[in-house]
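I have placed the structure first, in the form of structure tokens, so that the comments after it can refer back to it.
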Amino acid sequence: MIGFLMNSWVARVIPIGMVLLAVQTTLLVELRPFGVSVQIVLAYVAATGAVGGVDRGAIVGFTVGLMYDLAVGTPLGATAVTMALAGYVAGIGRLFRIESHWWILALQSAVGAAVGEAMVPVVRLVIGEASVSPTGLLTVVGVVTAAALVASPVLAPLGRWSLSLQRSEMKLPPEIRAEV
Amino acid sequence: MPLYSAGRRRVIIALALTSALLLTLDLRGNRLFDAARSGFTVALQPFQQAAEVASTPIERLWRAYSDFDTLEEENRVLRAQVDAQRSAEIAAQNAIIENQDLLALNSLESLASYDSVTARLVGQSPTNFDQQVEIDRGSIHGIRVGMPAVNEAGLVGKVTRVAPTSSVIMLVTDPSYAVQVKILSVGGEDPDQVVPGFTTTTAVTEEESFPGADQGAVREEFPIATSTSTTVVLDDRVNLPEVEVIRETGVLRGQGDERLPRVSFVAGNSAFGRIEIGDTVFTAGGSTSLAPPNIPVGRVANVITRAGTAGQELEVALSPDLGRLQFVRVVLYQPPTELQP
């Protein structure tokens with residue numbers, strides 16, 4: 001049981017989530033380019049979705065999102081659902097791509113992060129919590145997307161490691177590649 | 001596996017349903033979730049402390065880069081303001097002491113009636129949609145959910161989450177924040193404008209004078225903000241003209257980081273059109289209010305007249321600078337309705 005847990009993705013994702021949450025709640029609340037808090041946890045989830053695909057992206061996003069809700073005090077499940085969506089959207093690209101070039105992963109991460117961050121006020125509105133002006137939202141989504149794009153070359157290998165993905169899993173099998 | 005396979009759909013539906021269930025349980029209030037939050041906060045603390053140590057040099061570098069010019073200019077302006085305010089502060093402190101003595105003599109409630117805990121800010125909200133800060137004092141220091149937080153300038157927010165050694169304060173600007181306030185306005189030039197039921201006419205015979213008092217001028221500021229030109233007259237009592245204090249209550253709600261909080265009134269308010277820019281806003285208190293009365297909140301910055309019977313709305317410029325908070329004082333006040341029997 002312990003061996004299974006140690007080898008499973010849970011044993012890797014949770015410590016990584018804790019470290020990233022610590023960075024999110026300390027360093028990144030101070031460093032606010034254009035007054036926006038860069039969402040490193042969201043960027044990690046999107047990068048993991050980009051390398052792992054929609055299922056794993058959504059599940060990792062949900063898990064890390066729950067940790068985020070517990071740490072920040074947002075309603076439990078509110079961030080989890082947005083991060084699950086971010087991981088899912090970022091993972092969609094894996095269904096179509098042939099090679100996992102770093103810049104393709106970066107683009108997938110950026111799209112996933114953008115969708116995830118844009119969904120935060122929507123979910124808050126649904127549960128009757130906050131109202132955000134469209135102007136502010138554009139800036140927030142823009143900065144968060146750019147940060148996810150820039151951080152992807154670091155976070156994508158981290159996501160690959162946390163899912164215990166082999167390099168070969170990132171590509172199509174050789175016989176299919178030959179056909180392509 | 002295709003994008004919409006049965007297995008994939010099951011995963012997505014399971015996640016969505018779990019989120020909905022958790023949200024419902026949490027929004028209805030759940031002790032298990034509260035305990036999980038406290039536990040997770042404690043578990044995260046070592047990671048945060050390590051991250052704080054590692055990130056401090058980066059933070060300093062960032063601040064040095066981003067804030068230097070602004071700070072230099074602000075420092076110059078503030079020095080000039082401090083010089084101008086020094087004498088006013090003495091007069092104001094005197095007025096505060098007199099006010100507190102009078103409240104105590106009449107057994108009236110004031111902020112001085114409550115103990116408080118001073119706390120240092122240790123973090124801000126990591127999200128882009130909440131206005132919250134974290135402080136380094138918690139339940140072991142007597143802090144409870146709902147208590148108001150203030151600083152020297154006035155109301156800062158309320159405690160929304162308490163761990164043993166830390167708490168989270170929702171700032172006044174958060175869209176979820178609401179508190180009952182009163183707007184105090186000193187008017188009275190035109191007796192016809194007095195509306196019974198919403199105004200009180202008080203014959204003031206204070207032992208002080210101000211420029212123009214002998215010509216029948218009305219003092220523009222609330223007494224606590226006595227100008228530096230005020231002179232206290234001890235022997236010759238000066239009879240001031242009748243001063244009309246308009247006192248109106250409403251609910252102040254946060255509007256987010258970029259917009260000023262607003263006070264909305266009920267429709268058909270008979271003080272309509274009487275409140276002006278610059279009028280002072282204080283907490284109203286009351287048995288259900290989360291803050292005791294007479295905590296300064298700010299000044300009216302804009303009066304918005306809405307069409308029809310929608311009533312009037314006020315935008316309030318807050319007294320505290322919420323972007324520069326370093327310390328706050330949590331007033332150990334709980335409204336009677338929140339107290340455990």
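Throughout, protein chains are lettered first and strands after them, A, B, ... in sequence-line order, and every chain is numbered starting at 1.
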side-chain contact (heavy atoms from CB on, under 4.5 Å) for Ile58(B) and Leu27(A)? Distances and angles first, verdict last. CA-CA 8 Å; Ile58(B) 305 170; Leu27(A) 178 66; 4.1 Å; yes

Toward chain A, the part of Phe47(B) with a non-hydrogen atom under 4.5 Å: both

Under 4.5 Å from a heavy atom of chain A, the part of Thr127(B) involved: both

For Thr79(A), which atoms come within 4.5 Å of any heavy atom of chain B: side chain, backbone, both, or neither? neither

Side chain, backbone, both or neither: which part of Leu44(B) has a non-hydrogen atom closer than 4.5 Å to chain A? both

By number, which residues in residues 58-67 of chain A have some heavy atom less than 4.5 Å away from chain B? Ala58(A), Ile59(A), Phe62(A), Leu66(A), Met67(A)

If we define contacts as heavy-atom pairs under 4.5 Å, which of Asp69(A), Val123(A), Leu76(A), Ile127(A) has the most with chain B? Leu76(A)

If only side-chain N and O atoms count, and only distance matters, is there a donor-acceptor pair under 3.5 Å linking Tyr44(A) with Ser109(A)? no

Test log, rule salt bridge (charged side-chain N to carboxylate O under 4.0 Å, His left out), inputs Arg124(A) and Asp130(B): CA-CA 10 Å; Arg124(A) 297 293 182 84; Asp130(B) 295 312; 2.8 Å; yes

Using a strict cut-off of less than 4.0 Å between a Lys/Arg side-chain nitrogen and an Asp/Glu carboxylate oxygen, indicate whether Arg37(B) and Asp26(B) qualify as a salt bridge. yes

With sequence neighbours excluded, tell me which residues meet salt bridge (charged side-chain N to carboxylate O under 4.0 Å, His left out) with Arg262(B). Glu313(B), Glu315(B)

Between Gln39(A) and chain B, with a heavy-atom cut-off of 4.5 Å, which part of the residue counts as in contact: side chain, backbone, both or neither? side chain

With chain B, the option among Val81(A), Leu42(A), Thr25(A), Val72(A) that has the most non-hydrogen atom pairs under 4.5 Å is Val72(A)

Heavy atoms only, distances under 4.5 angstrom: which of Ala71(A), Gly91(A), Gly53(A) has the most pairs with chain B? Name it, please. Ala71(A)

Which atoms of Ala20(B) approach chain A - backbone, side chain, both or neither, heavy atom under 4.5 Å: neither

Hey, does the side chain of Ser167(B) reach the backbone of Arg137(B) with a donor-acceptor pair shorter than 3.5 angstrom? yes

Heavy atoms only, distances under 4.5 angstrom: which of Val23(A), Leu28(A), Val36(A) has the most pairs with chain B? Name it, please. Val36(A)

Indicate whether the side chain of Glu117(A) and that of Thr145(A) have a donor and an acceptor atom separated by less than 3.5 Å. no

Non-hydrogen atoms of chain B under 4.5 Å away: do they reach the side chain of Val38(A), the backbone, both or neither? neither

Got a donor-acceptor contact below 3.5 angstrom from the Arg144(B) side chain to the Ser139(B) backbone? yes

